[in-house]
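For ligands, and for the atoms within them, numbers begin at 1 and follow the listed sequence.
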Amino acid sequence: MRLGRGLFRATLLAAAATSVAPAPAIAQAMLQPPPKTMPANPTVNHNDWYKNGIIYEVYPRSFADSNNDGIGDIQGIVKHLDYIQSLGADAIWMTPMFPSPQADFGYDVSDYDNVDPQFGTVADVDQLVAQGKGRGVKVLLDFVVNHTSDQHPWFLQSKSSRTNPYRDYYVWRDPKADGSPPNNWASIFGGSAWTLDPTTKQYYYHFFYPQQPDLNWRNPKVEKAMFDAAEWWLKRGVYGYRLDAVDTMFERADLKNNTVYPGVDAFGVPNQDHVNNSKQPEVHTELQRLRQMVIDKYPGRILVGETWTSDAQELVQYYGPRNNELQLPMFLNLISLPALTAPDLRQRITGVETNSVGGWPSFALSNHDSRRAASRYPVPPGASTDDWSKITGALLLTLRGTPVLYYGEELGMVNNDPQRIEDVQDVIGKKGWPKEKGRDGERTPMQWDASANAGFNAGAKPWLPVAPDYRTRNVAAESADPHSVLSFYRTLIALRRTHPAMSGDWKAVDTDDRQVLAYQRSGGGKTVLVLLNLDAKPADVPIEKTETMDVLQPLAINRALLISGSVHLDPLGVYVAEVTPIP
Ligand code: GLC
Ligand code: CA
């Protein structure tokens with residue numbers, strides 16, 4: 001296998017194997033030890049902080065439990081701000097901590113302007129914002145725009161009578177003549193998307209659980225109330241929002257049935273395409289209004305989108321026609337790939353690069369709704385889940401877009417899935433067992449050290465069991481080990497923050513290769529080459545000499561070696577190197 005001759009020679013130059021000492025195969029720390037303190041974010045224009053930034057997703061229930069009641073809380077996050085800073089995170093995205101009956105662990109909000117007592121108080125959020133600010137860590141909240149809890153006062157009013165002033169805050173429709181739901185729309189959390197209210201004898205609509213009735217965004221009062229809620233936290237110094245489930249904010253007013261396909265979903269409901277109850281054009285006009293009327297009043301504030309688009313062309317719509325919609329619609333399509341292969345990744349990343357012209361990309365590989373990347377794909381013989389963590393980390397942290405890291409991803413945390421239905425917490429898992437085990441496995445407590453409960457708390461039973469590998473896989477142990485996943489991430493994050501090429505362009509090289517994803521980042525007169533062997537077999541990448549006699553200066557390496565003019569990569573091998581011209 002050769003690096004695409006013309007392309008590579010023409011654009012990147014090449015390396016003389018003799019001019020660099022061979023790197024030991026598993027030696028990332030010897031090349032670039034992780035920094036003791038993380039260098040500053042290189043962004044010059046302050047309001048663009050997110051472009052060179054890293055967003056760290058914190059699931060408060062699982063991060064750190066300061067009062068030892070088994071449930072993580074905001075003071076737990078405050079306590080670990082030094083760690084978050086040491087990682088080089090520029091912002092945390094804290095998933096919902098608002099008052100909630102917790103039917104969907106916070107994604108069922110009963111008061112947007114407050115904090116659930118199990119997580120703390122508004123004063124705790126103020127403290128998190130203030131102490132984060134002192135450390136260069138901004139706080140983003142999660143704005144659940146599609147629905148509220150069925151215990152939200154708006155819904156309690158709404159369902160009380162057909163003439164209540166809040167009736168139109170939600171989507172109510174009459175039953176069909178035979179009493180059945182108004183149409184065939186299914187909830188993605190199982191069953192019909194319509195629930196009959198016995199008092200007023202109409203159905204209300206819910207894309208998710210019945211405890212999560214959809215708001216009616218066609219009602220200007222809903223817009224006003226939700227925009228006020230968004231602004232309430234911005235005034236307190238919050239830096240913006242990750243917008244939950246934006247695709248489903250609107251549904252077709254004529255309630256056209258969805259097309260049904262063969263087969264059933266995990267809950268036994270016939271498959272359907274959700275075309276008429278998601279991705280409606282009004283989503284974009286509404287998000288642009290949120291941006292203009294709320295977010296842009298506060299410089300530097302951002303909107304990140306939970307945008308489950310089918311491809312980059314669809315994603316690009318979320319930037320808005322004049323970059324006036326979301327700053328960071330997350331490209332989540334790498335998560336949904338059944339396998340991470342070089343051709344699939346190349347095609348998707350190139351798609352984002354070519355389509356998001358003017359907008360800034362954002363990538364994620366793990367989150368609280370998906371199996372952890374370390375546990376998602378088969379491990380080739382001789383490799384380990386740590387190697388998956390290193391290669392996915394190398395990918396995420398060397399792409400041009402803003403990475404969104406999920407807590408514990410930097411430790412190589414793996415899924416710890418429930419084995420018995422009795423142990424399941426997530427309702428999806430209870431309803432869908434055993435086909436759908438729910439999302440508990442990726443939400444287990446953060447692993448801080450080797451003490452009881454991994455340092456999550458002072459010994460009370462955590463709401464989900466700590467993963468059995470915590471004695472060796474934890475922040476304390478991995479900080480002390482130069483070969484750990486955490487050290488590898490710190491090395492790459494420091495590289496991202498200091499190397500001029502990492503603020504520059506992205507370009508695929510050797511674009512026919514089926515094993516190795518190869519690309520270069522170029523900026524400030526410098527170039528970094530990234531080689532990722534995503535294959536279960538070893539690969540050799542010949543590095544051709546050119547007249548300029550450039551050398552490769554290794555920056556981060558795992559399971560790879562430069563020998564006699566080739567980079568040899570074991571399965572899941574990573575080779576990140578600067579291309580340095582010889583004067
Ligand atoms: C989003 C959240 C998920 C939640 C759903 C309903 O997809 O990430 O956790 O269950 O919205 O609010
Ligand atoms: Ca607690």
The answer for which part of Phe207 has a heavy atom under 4.0 Å from ligand 1 is neither
Under 4.0 Å between heavy atoms, the region of His206 that gets near ligand 1 turns out to be neither
Would Phe189 count as a contact of ligand 1 if the rule is a heavy atom under 4.0 Å away?
yes
Between Gln327 and Tyr319, the two heavy atoms sitting closest are O-CE2, 3.7 Å
Pair Tyr406, Glu442: side-chain N/O donor-acceptor within cut-off below 3.5 Å:
no
Given the ring of Trp172, does Arg167 sit roughly above its face, with NZ or CZ under 6.0 Å from the centre of the six-membered ring and within 45° of the axis? yes
Of all protein heavy atoms, the one nearest atom 2 (C) of ligand 1 is Asp244 OD1, 3.0 Å
Looking at Thr248, Val109, Asp369, the heavy atom closest to atom 8 (O) of ligand 1 belongs to Asp369
Counting heavy atoms under 4.0 Å, the part of Glu57 that contacts ligand 1 is neither
The protein N, O or S atoms lying under 3.0 Å from the Ca ion (ligand 2) are Asp65 OD1, Asn67 OD1, Asp69 OD1, Ile71 O, Asp73 OD2
Atom 6 (C) of ligand 1 sits nearest the protein heavy atom Asp104 OD2, 3.4 Å
message = Regarding Glu436 and Lys431, does a basic nitrogen lie under 4.0 Å from an acidic carboxylate oxygen?
response = no
